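What you see is a predicted model, and the numbers here were worked out from it, not measured in a lab. Side-chain atoms are counted along with the backbone in the values below, which use heavy atoms only and exclude waters and symmetry mates.
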Amino acid sequence: MKSIREIYRIGTGPSSSHTMGPRRAAEIFLGSHHNAAGYEVVLYGSLAATGKGHMTDAAIIDVLSKSEMPVNIVWKPDVFLPYHPNAMTFRSLDAAGFPTDEMTFYSVGGGAIEE
């Protein structure tokens, strides 16, 4: 059974799948990569196509900027990953800017995410 917090969610921007899901994905990624020298987030498909207007980048940067490390958002609106059109890949970077790890998440609606 879902809790009332799972049923009724309030977030930034006009779309929970474009802000709440990406925000939650950023929180999960930051939690396990808090020692990174920087971050790169690639937004695919629908998240990239309408993400600026729906504040997807703002939601992600708001979370990752807590680490006080640089965050780079890459927009790929013409690339759709097979599982879902709302896909995003988070990468932790070392001091030289090379990726050290990555995780891909899908914002599947209502603020819910899947890996």
Side-chain angles (χ1 to χ4, degrees):
M1 177 174 201
K2 291 189 176 198
S3 72
I4 193 74
R5 289 179 187 233
E6 290 176 307
I7 296 171
Y8 295 104
R9 300 176 188 200
I10 299 173
T12 307
S15 168
S16 60
S17 63
H18 280 68
T19 55
M20 292 173 65
R23 174 180 292 277
R24 180 71 184 125
E27 290 168 348
I28 291 169
F29 191 78
L30 180 61
S32 58
H33 298 86
H34 58 280
N35 291 326
Y39 301 95
E40 178 180 83
V41 182
V42 182
L43 301 175
Y44 301 100
S46 180
L47 285 181
T50 60
K52 281 274 188 206
H54 286 198
M55 301 174 65
T56 304
D57 55 336
I60 292 169
I61 291 169
D62 184 51
V63 172
L64 295 180
S65 68
K66 293 175 185 172
S67 72
E68 299 183 1
M69 295 298 154
V71 179
N72 181 38
I73 306 288
V74 178
W75 306 86
K76 294 191 174 186
D78 297 327
V79 177
F80 289 85
L81 299 189
Y83 181 72
H84 196 278
N86 290 336
M88 62 202 118
T89 298
F90 288 76
R91 293 189 180 105
S92 54
L93 306 174
D94 64 16
F98 292 105
T100 57
D101 195 18
E102 72 176 40
M103 295 174 73
T104 298
F105 297 91
Y106 301 90
S107 185
V108 296
I113 57 169
E114 294 183 13
E115 288 183 53

Nearest non-hydrogen partners of [X] and [Y], listed with the distance:
{"X": "Pro70", "Y": "Ala37", "result": "CD-O, 3.3 Å"}
{"X": "Asn86", "Y": "Ser46", "result": "OD1-CB, 3.1 Å"}
{"X": "Met103", "Y": "Ser32", "result": "SD-OG, 4.3 Å"}
{"X": "Ile113", "Y": "Gly21", "result": "CG2-O, 3.2 Å"}
{"X": "Leu30", "Y": "Ser67", "result": "CD1-CB, 3.9 Å"}
{"X": "Met88", "Y": "Ala25", "result": "SD-CB, 4.2 Å"}

Original post:
side-chain contact (heavy atoms from CB on, under 4.5 Å) between Leu64 and Val41: does it pass, once the steps are laid out?
Top reply: CA-CA 10 Å; Leu64 295 180; Val41 182; 3.7 Å; yes
Rounded distance (nearest 0.5 Å) linking atom [atom1] of [X] with atom [atom2] of [Y]:
{"X": "His34", "Y": "Met69", "atom1": "NE2", "atom2": "CE", "result": "11.5 Å"}
{"X": "Asp57", "Y": "Leu43", "atom1": "CG", "atom2": "CG", "result": "7.5 Å"}
{"X": "Arg24", "Y": "Ser107", "atom1": "CZ", "atom2": "OG", "result": "12.0 Å"}
{"X": "Arg91", "Y": "Thr100", "atom1": "CZ", "atom2": "OG1", "result": "11.0 Å"}
{"X": "Tyr39", "Y": "Ile73", "atom1": "OH", "atom2": "CD1", "result": "12.5 Å"}

**OP:** Using atom types as modelled and distance alone, determine if a side-chain donor or acceptor of Ser92 lies under 3.5 Å from a backbone N or O of Asp101.
**Re:** yes
Original post:
Is the side chain of Tyr44 donor-acceptor paired with the backbone N or O of Thr89 at a distance under 3.5 Å, no angle test?
Top reply: no
Do [X] and [Y] have side chains that get closer than 4.5 Å, going by heavy atoms?
{"X": "Pro99", "Y": "Glu40", "result": "no"}
{"X": "Phe90", "Y": "Ile28", "result": "no"}
{"X": "Val79", "Y": "Val42", "result": "no"}

**OP:** Report the C-alpha separation of Leu81 and Tyr106 in whole Å, then their side-chain angles, then the decisive distance to 0.1 Å, and conclude whether the side-chain contact (heavy atoms from CB on, under 4.5 Å) test is met.
**Re:** CA-CA 9 Å; Leu81 299 189; Tyr106 301 90; 4.0 Å; yes
**OP:** Is it possible for you to say whether Phe105 and Phe80 belong to one hydrophobic cluster, with membership spreading through side-chain heavy-atom contacts below 4.5 Å?
**Re:** no
Original post:
Can Leu93 and Asn72 be said to form a side-chain contact (heavy atoms from CB on, under 4.5 Å), step by step?
Top reply: CA-CA 10 Å; Leu93 306 174; Asn72 181 38; 6.0 Å; no
Subject >> Audit row: Glu114, Tyr83, side-chain contact (heavy atoms from CB on, under 4.5 Å) steps and yes/no >> reply: CA-CA 10 Å; Glu114 294 183 13; Tyr83 181 72; 2.2 Å; yes
